[in-house]
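Okay, so here's the structure we're looking at.
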Amino acid sequence: KMKKGRGASAKRKRTGEGDKGESKPKKSNQIHFEGFGEEQGTDDNVSDSVISINDDDSDNEDFDNDDDMDEDEDEGEDNGFNNDEDDEEDEEEVKETKPKRLKVEKKEVKEEREKKAPKKEDPYAAKDIPKGFTIYPSEIKNKLKRSEVYAQHKKAKDKAKQKRRKQREQERAAAGDQAAPKQVPRTIENTREYDETLVLPDDTEVKEDEENDQYGLLYKSAGSEDKVPKVLITTSPKIRSKDTRAFVKDLTKVIPHSKFILRQAESVKDMVAWAIERDYTDIIIVNEDSKRMNGLMMIHLPEGPSVFFKLSSVTLRRDVPDRAKCEGYYPELVLNNFNTRLGHSVGRIFQGVFPMRPEFRGRRVVTFHNQRDFIFVRHHRYIFETRKKARLQEIGPRFTLKMKFLQKGIFNDQGEYEWVYKKEMDTSRRKFFL
């Protein structure tokens, strides 16, 4: 109410209304041009035009009234009439201090949490960063400069890693028998999902099954010349690629007692019958599609089994750098990581293609290395540099196999399958079948 009254009195003062009810005439400070609207035909009329500004003492009185209003407002503030404004100012001060307190509290809680939390090791720690680098290579926007800095950074990091490794080796040598055991790295292979079909070394049931399977007689007569495997190698009908022919010829040098016969339009059934009549023990068929090798089938005669692999990453013998000459000695056979029952079956198919009595004088080695169900095939020759030190020299070819199915008996579209690969079987990266 006091504010409203004070505002009304101020309004009366501005309009010039007093207690007497008299009103002062309102005068404006406007510029008037006398004689501007009259006819200006002569120079005398132009000279008579005068610019005048109407200023009276009444205007000064208006300004005086405004000053009186300001004085009244100041008096009202001194008399305590502005309590509402004071309350608003207090509320604003509380609002300003409250978020500050919250920020301080959050900061203290964050610092305590960081102290309690375990510190994570930074892979780009200062000890691995070269001198002069204060930022990560990933923060550099220029691609050429980023790659250059990253190469230097990686080189320094590898150098520091080698230094730490040498230091650990020196500590182990100094400790002797009391040294701590070596740490085994955690890999996908040693953390694979458990498989019920894993074969243990002392599994008598598996040994009995293998003695009575299709390869049992071949293993029993390993020392005799009459039971040496005889392999027929052929291709899909009417091949057009020269690389396929070169690959088949390379296989004939890897596998002893093997022969390449070009296939025209014969079916697999006709090829099997023809090979059985000529006492072949196995057939290898290299498949080609659009002038590219994409598959390899192995059939054991006369009763199977048959297995089909996807063929990839083929490097011909002529493309192997610094290759060695392939001599006619029987090679040694190395089978790695065929640990399940299915893996044992596949390993025996590979083993049945090569003679069971290697000739160590030739120093040839054929390796079938299984890693995550990919079978890497390599052909090497080892060379003794000293009596205790040897090195490998590749002969070629090299290729990779991925098994697609295993079928009982001779290959037939309507035959019985032991195992077939499907995409639904890939439920985990750590699940393997071989």
Side-chain angles (χ1 to χ4, degrees), residues 114-130 136 150-207 210 332-348 350-351 358 360 363 365-378 380-394 398 400 402 426-434:
E114 289 178 354
K115 289 179 181 178
K116 293 180 181 179
K119 293 183 179 180
K120 295 182 180 180
E121 294 184 0
D122 188 1
Y124 299 97
K127 60 184 179 181
D128 293 336
I129 297 178
Y136 296 124
Y150 176 74
Q152 296 177 7
H153 181 227
K154 190 174 183 298
K155 186 177 180 181
K157 190 175 178 182
D158 295 341
K159 192 174 181 180
K161 186 177 179 181
Q162 291 177 1
K163 188 176 180 180
R164 292 195 298 269
R165 184 182 294 174
K166 287 182 180 179
Q167 186 177 358
R168 287 197 302 268
E169 290 177 356
Q170 291 175 1
E171 291 175 356
R172 287 182 61 81
D177 297 336
Q178 298 179 356
K182 286 186 177 181
Q183 296 180 354
V184 179
R186 182 182 175 88
T187 61
I188 294 179
E189 285 80 9
N190 59 23
T191 58
R192 64 181 293 177
E193 291 185 2
Y194 176 73
D195 193 346
E196 296 178 353
T197 62
L198 284 172
V199 178
L200 299 176
D202 55 348
D203 195 336
T204 56
E205 182 181 354
V206 176
K207 291 182 179 179
E210 290 179 351
E332 302 174 48
L333 189 64
V334 179
L335 300 172
N336 287 334
N337 298 333
F338 294 92
N339 300 323
T340 63
R341 291 293 297 267
L342 182 64
H344 270 238
S345 300
V346 175
R348 287 176 71 82
F350 291 134
Q351 194 172 3
F360 298 101
R363 295 171 293 170
V365 182
V366 178
T367 306
F368 292 87
H369 177 72
N370 174 40
Q371 185 173 0
R372 305 178 192 178
D373 289 346
F374 287 91
I375 303 170
F376 300 92
V377 184
R378 298 294 184 267
H380 290 93
R381 176 176 179 264
Y382 53 90
I383 301 171
F384 290 101
E385 294 182 348
T386 61
R387 289 190 174 184
K388 295 183 179 181
K389 189 176 180 180
R391 64 181 178 89
L392 292 175
Q393 186 180 13
E394 190 170 3
R398 66 176 81 149
T400 305
K402 173 78 172 178
D426 294 333
T427 56
S428 173
R429 292 181 60 205
R430 303 180 188 276
K431 185 176 181 180
F432 310 119
F433 301 100
L434 299 182

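A salt bridge is defined here as a Lys NZ or Arg NE, NH1 or NH2 lying under 4.0 Å from an Asp or Glu carboxylate O, and Asp203 with Lys207 fails to meet this definition.
With sequence neighbours excluded, the residues satisfying side-chain contact (heavy atoms from CB on, under 4.5 Å) with Asn336 are Val334, Thr367, His369. Evaluation of the ring pair (Phe, Tyr, Trp, His ring centres under 6.0 Å) rule for Phe338 yields no partner, not counting sequence neighbours. Applying the salt bridge (Lys or Arg N to Asp or Glu O under 4.0 Å) criterion to Arg398, with sequence neighbours excluded, gives Glu394. In this structure Lys163 satisfies the side-chain hydrogen bond (donor to acceptor under 3.5 Å, both in side chains) test with no other residue, sequence neighbours excluded. Applying the salt bridge (Lys or Arg N to Asp or Glu O under 4.0 Å) test to Glu385 and every residue at least two apart in sequence or in another chain returns Arg391. Considering only residues two or more places apart in sequence or on other chains, Arg192 meets the salt bridge (Lys or Arg N to Asp or Glu O under 4.0 Å) condition with none of them. When the ring pair (Phe, Tyr, Trp, His ring centres under 6.0 Å) test is applied to Phe433, the partners found at least two apart in sequence or on another chain are Trp419. For Gln183, there are no side-chain contact (heavy atoms from CB on, under 4.5 Å) partners, not counting sequence neighbours. Legend: residues meeting side-chain contact (heavy atoms from CB on, under 4.5 Å) with Arg429, ordered by chain and number and at least two apart, are Ile188. In this structure Glu189 satisfies the salt bridge (Lys or Arg N to Asp or Glu O under 4.0 Å) test together with Arg372, sequence neighbours excluded. Not a single ring pair (Phe, Tyr, Trp, His ring centres under 6.0 Å) links Phe376 to another residue, sequence neighbours left out.
Two residues are said to be in side-chain contact when any heavy atoms from C-beta on lie closer than 4.5 Å; Phe360 and Glu332 meet this criterion. Counting only heavy atoms from C-beta outward, the side chains of Thr340 and Val199 never approach each other to under 4.5 Å. Residues Arg186 and Thr191 form a side-chain contact, since some pair of their non-hydrogen atoms from C-beta on lies under 4.5 Å apart. Considering only heavy atoms from C-beta on, Asp195 stays 4.5 Å or farther from Phe432 through its side chain. Using a 4.5 Å cut-off on side-chain heavy atoms (C-beta onward), Asn339 and Leu434 make no contact. In this structure, the side chains of Glu210 and His344 come closer than 4.5 Å at one or more pairs of heavy atoms.
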For residues 169-180, run the donor-acceptor check on the side chains, cut-off 3.5 Å, and write out each pair with its distance to 0.1 Å, sequence neighbours left out.
from: Arg172; atom 1: NH1; to: Ala180; atom 2: O; distance (Å): 2.3

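Rounded to the nearest 0.5 Å, atoms NZ (Lys402) and CG (Asp373) are 5.0 Å apart. Between atom CG of residue Leu392 and atom CZ of residue Arg363 there is a gap of 11.5 Å, rounded to the nearest 0.5 Å.
Taking both residues in full, the closest heavy atoms of Leu333 and Phe350 are given as CD2-O, 4.3 Å, listed atom of the first, atom of the second, then distance.
A distance-only check finds a donor-acceptor pair linking the side chain of Asn190 to the backbone of Pro185 [under 3.5 Å]. Checked by atom type and distance alone, the side chain of Asn337 never pairs as donor or acceptor with a backbone atom of Gln371 at under 3.5 Å.
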